[in-house]
Amino acid sequence: MSTSSIEPSTAVAPAATVRIIASPQSWVEGEAVRQLEAVARLPGMRLAVGLPDLHPGKGAPVGAAFESEGFLYPYLVGSDIGCGMGLWDVDLPVRKAKAERWAGKLDLEGPWEGDAEAFLAGHGGKATGFEAALGTVGGGNHFAEVQRVETVHDARVFEALGLREERLLLLVHSGSRGLGEAILRTHVDRHAAGGLAAQTEEARAYLERHDGAVTWARANRALVAERALQGIGATGRRVLDVCHNSVTARHAEGRVAWLHRKGAAPWDEGPVVIPGSRGALSYLVLPVGTGEHSAHSLAHGAGRKWTRTAARERLKERFTAESLTRTVFKSHVICEDRDLLFEEAPPAYKAIDRVVTDLVEAGLVRVVATLAPVLTYKTRGRTAE
DNA sequence: ATGTCC
């Protein structure tokens with residue numbers, strides 16, 4: 001056995017530890033693994049973790065967390081800085097749900113009538129020039145969804161969160177809209193996918209804008225929730241709000257590690273919701289154990305199984321658009337963009353149950369409750385022929 | 001993902 005040979009490449013830049021937390025049943029595309037390994041070779045990278053929703057992204061994979069030292073990488077966070085999930089406890093019993101009536105009333109895309117700058121200030125944010133978009137849900141996989149409790153698995157934690165089985169919930173998935181995109185573009189214009197030395201003025205400036213986008217995105221989810229609640233004639237209380245696209249400093253043993261999350265929920269900020277696709281359950285989970293193994297991160301959703309193009313092609317043969325506006329839970333989907341309806345259909349995503357089971361078996365979470373959709377808002381506009 | 005390609 002030889003112990004002396006060193007790969008020339010590792011002698012120059014030792015690759016980070018690469019770890020994928022997924023059972024064989026959680027199929028992970030080869031391209032996503034290649035992307036994870038490529039990230040692991042970036043200067044300063046120490047740990048690259050793929051979560052069970054790992055799938056290929058634009059250059060860097062989604063459903064992953066990366067820890068580096070000395071350098072940070074805006075490109076790994078991506079353009080939707082601050083994107084995440086907020087959950088509201090709705091002051092309305094399930095039996096009062098009027099999905100069809102509500103469906104006609106909701107508008108989460110038109111400009112908000114109120115004072116966006118003041119709303120942002122109330123949530124600790126400063127004006128950025130993007131306030132016209134505050135309170136709009138955005139496109140792609142973003143949504144606002146009224147939910148009901150399907151099953152409570154951990155009554156003690158469920159009750160400690162002030163939740164009640166008979167009450168409706170509201171889950172909002174949205175981000176920083178044009179703001180995060182503009183911040184990343186400024187970086188990419190100069191550095192492409194390259195990183196920033198952590199001690200530089202440029203890194204400091206990026207982090208300041210990044211943190212502003214995280215605050216903006218959180219305020220945005222709060223305003224989307226406020227508009228949705230107003231639309232259904234209810235009030236609500238924010239139960240949790242977590243961001244799954246960010247870079248944050250972690251201080252340990254006198255060193256600073258830069259924790260990048262790209263489609264990875266935090267393990268260290270209390271309970272999180274891992275949403276299923278619109279036709280599947282969402283999971284309210286409590287992080288447990290130690291987060292070291294998973295870079296203090298969790299899966300952020302089911303994870304795409306088919307590309308948007310493939311989903312359109314395959315699903316248009318199997319389903320009508322009309323049939324996709326109803327789910328197996330008898331819930332409604334407001335999605336007047338026909339292509340998006342196919343792109344976001346449940347079969348385009350992995351099975352959320354398996355993704356969550358993988359997290360449970362990895363000792364990362366305990367399931368508190370499952371949540372079923374009642375009414376999902378995707379989009380009203382853009383009716384593509 | 002994106003005041004998204006006019």
Side-chain angles (χ1 to χ4, degrees), chain A residues 32 35 53-64 73-86 107-114 116-117 119-120 127-144 172-189 192-193 206 209-210 212-214 216-221 223-224 227 242-247 260-265 275 277-278 300-304 306-309 311-312 335-344 348-349 377-385:
Chain A
Q35 290 182 346
D53 56 337
L54 183 70
H55 59 281
K58 188 173 167 246
V62 182
Y73 292 89
Y75 188 75
L76 295 181
V77 177
S79 63
D80 198 359
I81 302 163
C83 184
M85 296 280 169
D107 173 18
L108 306 178
E109 291 163 289
W112 183 53
E113 305 282 308
E117 199 171 320
F119 188 93
L120 184 63
T128 59
F130 288 84
E131 277 57 63
L134 201 74
T136 61
V137 70
N141 56 6
H142 289 171
F143 63 84
V172 176
H173 177 201
S174 189
S176 55
R177 312 288 281 109
L179 172 60
E181 198 274 337
I183 294 170
L184 180 66
R185 184 154 26 80
T186 298
H187 172 79
V188 167
D189 284 348
Y206 169 78
R209 301 181 77 195
H210 163 283
V214 169
W216 198 100
R218 186 157 298 169
N220 189 41
R221 287 187 289 277
L223 187 49
V224 167
R227 297 177 83 184
V242 293
C243 162
H244 53 227
N245 290 346
S246 68
V247 56
H260 306 70
R261 291 185 174 117
K262 176 57 174 175
S277 60
R278 308 291 59 73
H300 81 312
R304 186 165 279 284
W306 296 339
T307 64
R308 291 184 177 277
T309 306
R312 284 198 304 273
C335 184
E336 290 168 14
D337 177 335
R338 196 167 172 276
D339 279 343
L340 189 64
L341 200 50
F342 289 100
E343 293 167 9
E344 294 286 310
Y349 285 86
Y377 184 104
K378 293 289 291 178
T379 181
R380 286 211 182 280
R382 295 196 313 170
T383 20
E385 47 80 47

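Chain letters run A, B, ... following the sequence lines, proteins first and then strands; every chain starts at 1. Computed from heavy atoms alone, side chains included, the values below leave out hydrogens, waters and symmetry copies. Fair warning: this is a prediction, and the values are worked out from it, not measured in the lab.
The distance from atom OH of A:Tyr75 to atom C1' of B:dT2 is 14 Å, rounded to the nearest whole Å. Between the CG atom of A:Asp339 and the P atom of B:dC5 there is a distance of 16 Å, given to the nearest Å. In this structure, A:His142 atom NE2 and B:dT4 atom P are separated by 16 Å, rounded to whole Å. Distance A:Asn220 CG to B:dG3 P: 10 Å, rounded to the nearest Å. Remark: P of B:dT4 and CG of A:Leu184 are 16 Å apart, rounded to the nearest angstrom. Distance CG (A:Leu179) to P (B:dG3): 10 Å, rounded to an integer number of Å. The nearest whole Å value for the distance from the CZ atom in A:Arg308 to the P atom in B:dT2 is 10 Å. If you measure from atom CG of A:Leu134 to atom C1' of B:dT2, you get 16 Å, rounded to the nearest angstrom.
Contact annotation for A:Gly178: backbone-only contact, meaning every heavy-atom pair under 4.0 Å involves sugar-phosphate atoms and none involves a base. Within 4.0 Å (heavy atoms only), A:Gly263 reaches no atom of the nucleic acid at all. Nucleic acid contact class of A:Gly138 (heavy atoms, under 4.0 Å, all strands): sugar-phosphate only.
One finds a side-chain N or O of A:Arg177 lying less than 4.0 angstrom from the OP1 or OP2 phosphate oxygen of B:dG3.
One N or O on the side chain of A:His300 and one on the backbone of A:Gly263 form a donor-acceptor pair closer than 3.5 Å. Judged purely by atom type and a 3.5 angstrom limit, A:Tyr377 uses its side chain to pair as donor or acceptor with the backbone of A:Leu108.
Geometric assessment of A:Arg278 against the ring of A:Phe143 yields a positive cation-pi assignment under the 6.0 Å and 45° thresholds.
Looking at residues two or more places apart in sequence or on another chain, you find a salt bridge (Lys or Arg N to Asp or Glu O under 4.0 Å) between A:Arg308 and A:Glu343, A:Glu344.
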